[in-house]
Amino acid sequence: MKIGICSDHAGFEYKSRLIQHLKDRGYEVKDFGTNSTQSMDYTDVAHPLAEAVEKGDADLGIALCGTGNGMAITLNKHQKIRAGLAWSTEIGELVKKHNNANILVMPARFIPFEDAVKITDIWLDTEFEGGRHQRRIDKIPVRQA
Ligand code: RB5
C-alpha cells in the first residue's frame with residue numbers, strides 16, 4: 001500500500017513526523033512536498049497529490065495545511081478525489097466509514113501532533129461501510145456537460 005502525502009509550510013513539521021510514523025507502520029510513502037517551513041502555495045503540492053491518487057500511483061493520500069481548508073478545497077476539484085477534513089478521531093473514522101475519503105486532510109495549526117497520528121491511524125484502519133453510502137458517493141462527481 002502506497003500513501004502519498006503533502007503539506008504546505010504550516011503542515012511541514014507534522015508531515016515530516018507523520019512520514020516516519022507511516023513508514024514504521026510498514027507503508028510505502030511518496031512525499032509530494034513541501035520541503036521546508038518557507039511560505040508556499042498549498043495548490044502547488046495538492047494538485048500533484050490528487051493526480052497521483054486519481055491515476056493509482058498512490059493508493060491513498062494525506063494532506064496537511066494550517067486549517068486544512070485550502071488543501072480540501074483544492075483536492076476536491078478533482079473528480080475522483082474525496083478529500084475529507086478531520087480534526088478528531090471520531091471524524092477520522094467516519095470520513096472513511098461513510099465517505100470513503102481517499103485523501104485525509106488535517107488542520108496542522110489546530111490539532112496536537114499526537115491527535116494527527118491517532119486520526120491517521122483510525123482512518124487507515126477503518127473499512128468503508130458501503131451500502132447507502134456507496135449510493136451517495138456515486139452521485140458526487142459533476143456530470144460532464
Ligand atoms: C497558511 O498561512 C495558511 O493559509 C494555509 O496553511 C491554510 O490554512 C490555507 O487554507
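A quick note: this is a predicted structure, and the numbers were derived from the prediction, not measured. Each ligand, and each atom within it, is numbered from 1 in the order the structure gives.
Set against the non-hydrogen atoms of His9, the atoms of ligand 1 under 4.0 Å away are 1 (C), 2 (O). Residue Gly66 approaches ligand 1 through these ligand atoms, each under 4.0 Å from one of its heavy atoms: 5 (C), 6 (O), 7 (C), 8 (O). Close approach of ligand 1 to Ala10 (heavy-atom distance below 4.0 Å) involves ligand atoms 6 (O). Taking a cut-off of under 4.0 Å to the non-hydrogen atoms of Gly70, the atoms of ligand 1 that pass are 9 (C), 10 (O).
Using a 4.5 Å heavy-atom cutoff, the side chains of Phe12 and Leu64 are not in contact. Within the 4.5 Å cutoff, side-chain heavy atoms of Val45 are placed close to those of Met71. Here the side chains of Ile91 and Trp87 are in contact, with some heavy-atom distance below 4.5 Å.
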Review point. Can Glu28 and Met1 be said to form a side chain to side chain contact (heavy atoms under 4.5 Å, CB included), step by step?
Key: CA-CA 6 Å; Glu28 189 184 339; Met1 165 88 70; over 6 Å; no

Before you tell me yes or no, could you show the steps for Ile3 and Lys30 under side chain to side chain contact (heavy atoms under 4.5 Å, CB included), namely the whole-Å CA-CA distance, both residues' side-chain angles and the distance that decides it to 0.1 Å?
CA-CA 6 Å; Ile3 300 183; Lys30 181 163 169 46; over 6 Å; no

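The protein atom (non-hydrogen) at minimum distance from atom 6 (O) of ligand 1 is Asp8 OD2, 2.6 Å. Considering only non-hydrogen protein atoms, atom 2 (O) of ligand 1 sits nearest to Arg109 NH1, 3.1 Å.
Residue Thr67 places at least one N or O, backbone or side chain, under 3.5 Å from an N or O of ligand 1. For ligand 1, the polar-atom distance check finds no N/O of Met71 at less than 3.5 Å from any of the ligand's N/O atoms. Annotation: Tyr42 places no N or O atom under 3.5 Å from an N or O atom of ligand 1; distance criterion only.
Not a single protein heavy atom sits closer than 4.0 Å to atom 4 (O) of ligand 1.
In this structure, a donor-acceptor pair under 3.5 Å is present between the side chains of Glu54 and His78.
Residues Leu18 and Phe110 fall into different hydrophobic clusters, defined by Ile, Leu, Val, Met, Phe, Trp and Tyr side chains chained together at heavy-atom separations under 4.5 Å.
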